[in-house]
Each structure stands twice: as structure tokens, then as C-alpha cells.
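Each remark here refers to the structure printed beneath this line.
Counting starts at 1 for both ligands and their atoms, in listed order. Everything quoted here is computed from the prediction, not taken from an experiment. Keep in mind that the numbers below use all heavy atoms, side chains included, and drop hydrogens, waters and symmetry copies.
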Amino acid sequence: MTARIVVLASGNGSNLQALLDASADGRLNANIVAVVSNNAEAFAHTRAANSGVPSLSVTKLPGETREQYDTRLSEAVAAFEPRFVVLAGWMRILTMAFLSTFPNQVINLHPALPGEFPGTHAIERALAEHKQSGLARTGVMVHYVPDERVDEGDVIASIEVPITSLDSLETLEARVHAAEHALLVHALQQLTQGHVRNTPAAPDQ
Ligand code: GAR
């Protein structure tokens with residue numbers, strides 16, 4: 001069965017584009033059924049429109065709590081009946097008001113290896129660490145989002161990306177983004193084909 005995917009994106013949407021392309025050319029047996037953004041200006045809307053995919057903005061209202069916002073967001077996303085909700089450059093921390101609606105279904109992409117550089121500016125911080133103490137690689141991971149921890153959860157796929165002394169932020173960003181585009185498609189291929197367990201393991205007793 002073709003998996004229904006809703007993508008949440010806050011900005012440029014190059015990873016959304018990788019999923020749209022893979023879905024369109026048959027590499028990914030999935031339908032991107034909607035794109036939802038917290039940012040009305042996000043270029044992700046344009047990418048969705050160019051592919052004929054509906055997109056909507058759910059922006060936080062003045063005075064609204066995080067939980068109230070996430071409840072509204074979850075209702076908007078649930079209307080598309082997704083099998084997976086993919087956070088592709090989604091730059092808001094989701095509360096359980098959202099996450100409990102989609103257990104084992106929310107998947108995040110982060111431009112660093114598991115346990116390294118959570119949060120924003122992960123690539124910049126990896127380059128700073130290279131300059132300071134010779135860090136020779138960073139990476140990319142795709143993982144489940146079980147709770148409010150930032151960029152943490154059972155890892156579905158990860159890949160290392162080398163850092164060299166010739167790198168500028170621009171060159172390292174380009175290498176990391178290329179790795180992200182490939183890894184995100186790979187992870188969704190695995191999940192939709194059932195090649196990896198598609199529910200997180202139970203925690204150790
Ligand atoms: C990507 O590098 C993604 O991994 C990162 O935001 C960028 C979005 O790019 N996400 C995070 O840092 C999450 N903590 P895009 O809008 O071009 O896909």
C-alpha cells in the first residue's frame with residue numbers, strides 16, 4: 001500500500017523536495033499528501049504548490065499556549081490521515097499534545113550524528129568543533145520523535161559526513177545537505193517497505 005506522508009517544514013524545504021522528487025519518480029512508494037508549515041513565508045509552500053501538493057500554514061496565535069497550538073496543529077495534520085509525519089526542517093519543539101496523536105509515526109531529520117549537536121546551528125557547531133579540537137566528521141540522522149526531547153529518539157538511519165580543513169561553512173553545509181537528502185529518502189524507503197522495524201523498540205527493563 002502506498003504510505004501517506006505529511007511533511008512539516010518551517011523554511012526552505014530542500015528535504016521536502018527530496019521526498020517530493022523520490023515520490024514522483026517512483027523511488028519512494030509514498031504519497032506526500034500535505035505540507036504543513038508554522039511559517040506562512042516558507043519556501044516549502046512553493047515547492048508543494050509546484051508538485052500539486054496541498055500546503056497550509058498553522059501559525060501560532062498571540063496568547064496561545066504551546067499545547068493549544070500543538071492541538072490545533074495535530075488536528076490539521078490528522079485530517080490528512082498520515083501513516084508518517086516527517087519533520088523536515090521543522091524548527092519548533094513539539095509537545096505531547098501533538099506527539100501523542102501520532103505514536104510511533106513522527107520522524108525527524110537532524111544534521112548531526114546521534115547524541116551530537118542537538119538543536120539549531122548543528123552544522124556550524126560541528127565546524128567550530130573541527131577548528132577547535134579537530135573533529136573529523138559530523139553526520140546526519142533520521143529518528144523517531146517519541147517525546148519532547150530535542151533531536152533524540154530511536155535512530156532509524158544515520159550516516160557520517162567528513163569535515164576537512166579546507167571546509168568553509170558553505171562547503172560543509174552543502175555536503176551535509178546532500179547527505180540529508182539521500183538519507184531521508186533512504187529511511188522512508190526502509191520504513192515504507194517494512195525493511196526496518198517501524199515501531200520503536202520497547203525500553204530495556
Ligand atoms: C536541515 O538541515 C534539517 O536537518 C535541519 O534544518 C534544515 C532544513 O533544511 N533541521 C534541524 O536542525 C532540526 N533540529 P531544508 O528546509 O532545506 O530541508
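Side chains of His45 and Ser57: a donor on one and an acceptor on the other come within 3.5 Å. In this structure, a donor-acceptor pair under 3.5 Å is present between the side chains of Thr2 and Asn29. Side chains of Asp70 and Thr95: a donor-acceptor N/O pair is present below 3.5 angstrom, by distance only.
Proximity to Glu180 (heavy-atom distance under 4.0 Å) selects the following atoms of ligand 1: 1 (C), 2 (O), 3 (C), 4 (O). Within ligand 1, the atoms closer than 4.0 Å to a non-hydrogen atom of Asn12 are 16 (O), 17 (O), numbered from 1 in the order shown. Interface of Gly119 with ligand 1, defined as ligand atoms under 4.0 Å from a residue heavy atom, comprises 12 (O), 14 (N). Short contacts between ligand 1 and His177, defined as distances under 4.0 Å to a heavy atom of the residue, involve ligand atoms 2 (O).
Under 4.0 Å is where a charged nitrogen must lie from a carboxylate oxygen, and between Arg175 and Glu180 no such pair does.
The nearest protein atom to atom 7 (C) of ligand 1, hydrogens excluded, is given as Gly89 CA, 4.2 Å; this is a heavy-atom distance. The nearest protein atom to atom 13 (C) of ligand 1, hydrogens excluded, is given as His110 ND1, 3.6 Å; this is a heavy-atom distance. Shortest contact from atom 18 (O) of ligand 1 to any protein heavy atom: Asn15 ND2, 2.8 Å. Atom 17 (O) of ligand 1 has Ser14 OG, 2.6 Å as its closest protein atom, hydrogens excluded (heavy atom only). When only non-hydrogen protein atoms are considered, atom 12 (O) of ligand 1 lies nearest to Pro111 CD, 3.4 Å. The protein heavy-atom contact nearest to atom 16 (O) of ligand 1 is Gly13 N, 2.7 Å.
Using a 4.5 Å heavy-atom threshold, the side chains of Glu64 and Arg72 count as touching. Using a 4.5 Å heavy-atom cutoff, the side chains of Leu135 and Ile163 are in contact. Under the 4.5 Å side-chain criterion, counting only non-hydrogen atoms from C-beta, Val58 is in contact with Tyr69.
Judged by the shortest distance from any of its heavy atoms, Met91 lies inside the 4.0 Å radius around the atoms of ligand 1.
Remark: Ile159 CD1 is loosely packed, at most 12 non-hydrogen atoms of other residues, nucleotides or ligands lying under 6.0 Å away.
When non-hydrogen atoms are compared, ligand 1 lies under 4.0 Å from the side chain of Asp151 (C-beta onward) but not from its backbone.
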